[in-house]
Novice: 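My structure is below; once you've seen it, I'll send some questions.
Any value given below was found using the heavy atoms of this structure, including those in side chains, with hydrogens, waters and symmetry copies removed. One-based numbering, in listed order, for ligands and for the atoms of each.
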Amino acid sequence: MSKHMPPAHPFDFDALSGDAGDDKLHEECGVFGVIGVTDAANFVALGLHALQHRGQEAGGIVSYDPGSGFNSARRFGYVRDNFTKQSLMETLPGALAIGHVRYSTAGSKGATQIRDVQPFFGEFSMGGAAIAHNGNITNADALRRELIERGSIFQSSSDSECIIHLMARSLQRKVPERIMDALRRVEGAFSVVSMTRTKLIGVRDPLGVRPLVIGRIGDDGWVLSSETCALDIIGAEYLRDVEPGEMVVIEHGELKSLRPFMPAKPRFCIFEHVYFSRPDSIIGGRSVYETRRQIGVELAREAPVEADLVCPVPDSGTPAAIGFAHESGIPYGMGIIRNQYMGRTFIEPTEQIRNMGVRLKLNVNRALIRGKRVILVDDSVVRGTTSRKIKEMILDAGAAEVHFRIASPPTAWPCFYGVDTPQREKLLAATMSEDEMRDHLAVDSLKFISLDGLYRAVGEATGRDASCPQYCDACFSGDYPVAPSDMIAKGFELKAAE
Ligand code: SF4
């Protein structure tokens, strides 16, 4: 091999800053669909690019064109590295397309195959249909066993493929009704975007755990997207959210709203407000940026501390740090700078580079930090590995004191609704009290926003309604709105009743 050739395997800098990944929870998917525009797949590629923060492992697009039928492309890696190539996009013609970006789904972590990459496609007696799913099916193991016993042949290890097989077994004559039949058997969280030859279909689970919004583009075009930031990139106008438990069927320029499920009290994922969604997105009519800034305000009220500087841990801690600084009157400063261009790259993984760890992604602004009592505002603490390293960097730079303020309550429970979480015993807050975590991280103080404070920040003036919470907050409270039946069958123990 020439010395100028890259090594055979790309080296993943993302894996350096924690024991496994960057010590953050990761959203597992983003979905996007467009109908009624020329070359819809190009719009889908742009939408998926804007949703890349929801999944970087792989992406896929299915389109339909009356001349060539259904076409699909699935690729590993970033959208910009694949779905910008003219030669590939020319294979995805038509005015109707859906797409998906994926982090990884339950049951296949670290071993994703191209066959696991969505959208999934099924050819049924009444025509073809493709689906893209964001969320996690909590009874997928049981459904898969049942379907296999009845003759279904699975192609992937994805929980989402159950939906296609359930659709295939439905006796309904039309695709929307088959989707309804299938999703009524599914437990857990789902925001689904689906397409037939003529229809774009969107569905949210009865609790509306994961987001899905509707947009308009041009005179005749309609868009479905996980987040509004992906509407902005294609110049689409945000119309409204698909409501929890709603199915929308868009055909011939018209949107039809259906209610296929028993009504339920919504339990949207509160962590979307804290971390997962992009700050320039609107959720339920609220600006994500403004909510995060308000979390910082609440945190400053709940956990004040004398200090000289408020610094965000970039990038997701930034709006909360701005709110904290504003409320406390302590100056705000960029004490940590993120290298925006770090990521997967071709470089030999030498021991020396491994030891650099988090320093490859983050650098301390020494001139600002030296001699100061610093408040570091971060969005969450998962294993605590990155928090420890950041604290060491700040002290190495000459800080007099380090105080952590965390914009979410302690993450003590795993998520089973479409977010990649370590096992419970690996979550720092599952085994330690707040004081023990402070000692473990060896910082001068550590405070998390309370659950009530978080609820106030998202607009619930009286905080969390303990008898009927307004959001899913299971990773903080252990209160799972849908029993994770597969995990319980595997021995997972729910929180004991208080
Ligand atoms: S458990 Fe946490 S991350 Fe998962 S859906 Fe609920 S609030 Fe969101």
Side-chain angles (χ1 to χ4, degrees), residues 21 23-31 53-55 103-106 133-140 159 186-192 204-212 226-227 241 244 264-278 281 283-284 286 288 291-292 295 316 379-383 406-424 426-430 448-455 457-460 463-466 468-488 492-495:
D23 198 23
K24 295 285 180 200
L25 302 184
H26 287 274
E27 183 73 59
E28 288 184 345
C29 301
V31 293
H53 59 289
R54 300 181 76 87
Y103 179 70
S104 73
T105 55
H133 167 221
N134 174 206
N136 196 48
I137 300 173
T138 53
N139 63 335
D159 62 328
V186 162
E187 297 169 7
F190 52 83
S191 281
V192 169
R204 275 178 91 192
D205 64 77
L207 303 183
V209 176
R210 303 255 75 87
L212 189 63
S226 291
E227 290 185 41
D241 289 19
K265 185 144 187 313
R267 299 285 297 271
F268 182 68
C269 167
I270 204 163
F271 223 141
E272 291 277 355
H273 286 287
V274 175
Y275 175 64
F276 300 135
S277 293
R278 260 177 47 169
S281 282
I283 295 180
R286 288 182 67 82
V288 175
T291 296
R292 288 182 191 164
I295 292 172
S316 46
D379 54 77
S380 57
V381 172
V382 181
R383 296 180 185 82
I406 309 299
S408 58
T411 307
W413 296 86
C415 174
F416 300 119
Y417 308 132
V419 170
D420 178 41
T421 334
Q423 289 171 324
R424 184 150 196 253
K426 298 222 170 108
L427 295 169
L428 204 61
F448 295 79
I449 194 168
S450 68
L451 209 42
D452 273 330
L454 179 56
Y455 269 75
V458 297
E460 301 290 341
R464 182 179 193 260
D465 178 351
C468 188
Q470 305 91 320
Y471 286 85
C472 175
D473 53 29
C475 48
F476 310 127
S477 64
D479 172 1
Y480 290 92
V482 179
S485 54
D486 284 344
M487 295 308 296
I488 291 169
F492 176 78
E493 289 181 26
L494 293 172
K495 186 170 149 182

Novice: Going by the order shown, which atoms of ligand 1 are within less than 4.0 Å of some heavy atom of F276?
Specialist: 3 (S)

Novice: Could you check atom 7 (S) of ligand 1 against the protein and tell me its nearest heavy-atom contact, residue, atom and distance included?
Specialist: C472 O, 3.0 Å

Novice: Which pair of non-hydrogen atoms, one from D159 and one from I137, has the smallest distance, and what is that distance?
Specialist: OD2-N, 2.8 Å

Novice: Using non-hydrogen atoms of the residue, decide whether R210 is closer than 4.0 angstrom to ligand 1.
Specialist: yes

Novice: Measuring from non-hydrogen atoms of W413 to any atom of ligand 1, is the shortest distance under 4.0 Å?
Specialist: no

Novice: Return the minimal non-hydrogen interatomic distance between E187 and A483, and the atom names on each side.
Specialist: OE1-O, 4.3 Å

Novice: What atoms of ligand 1 come within less than 4.0 Å of a heavy atom belonging to C269?
Specialist: 3 (S), 5 (S), 7 (S), 8 (Fe)

Novice: Can you tell me how far the CG atom of L451 sits from the OG atom of S477, to the nearest 0.5 Å?
Specialist: 6.0 Å

Novice: Is C415 close enough to atom 4 (Fe) of ligand 1 that one of its N, O or S atoms comes in under 2.8 Å?
Specialist: yes

Novice: Are a donor atom and an acceptor atom from the side chains of D205 and Y417 found within less than 3.5 Å of each other?
Specialist: no

Novice: Nearest 0.5 Å please: distance from the OG1 atom of T291 over to the CD1 atom of I283.
Specialist: 7.5 Å

Novice: Which residue owns the protein heavy atom closest to atom 1 (S) of ligand 1, what's the atom, and how far is it?
Specialist: C475 N, 3.4 Å

Novice: Checking contacts here: is it the side chain or the backbone of V209 that comes within 4.0 Å of ligand 1, counting heavy atoms only? Could be both or neither.
Specialist: side chain

Novice: List the atom of S226, the atom of N134, and the distance in Å for their closest heavy-atom pair.
Specialist: OG-OD1, 4.1 Å

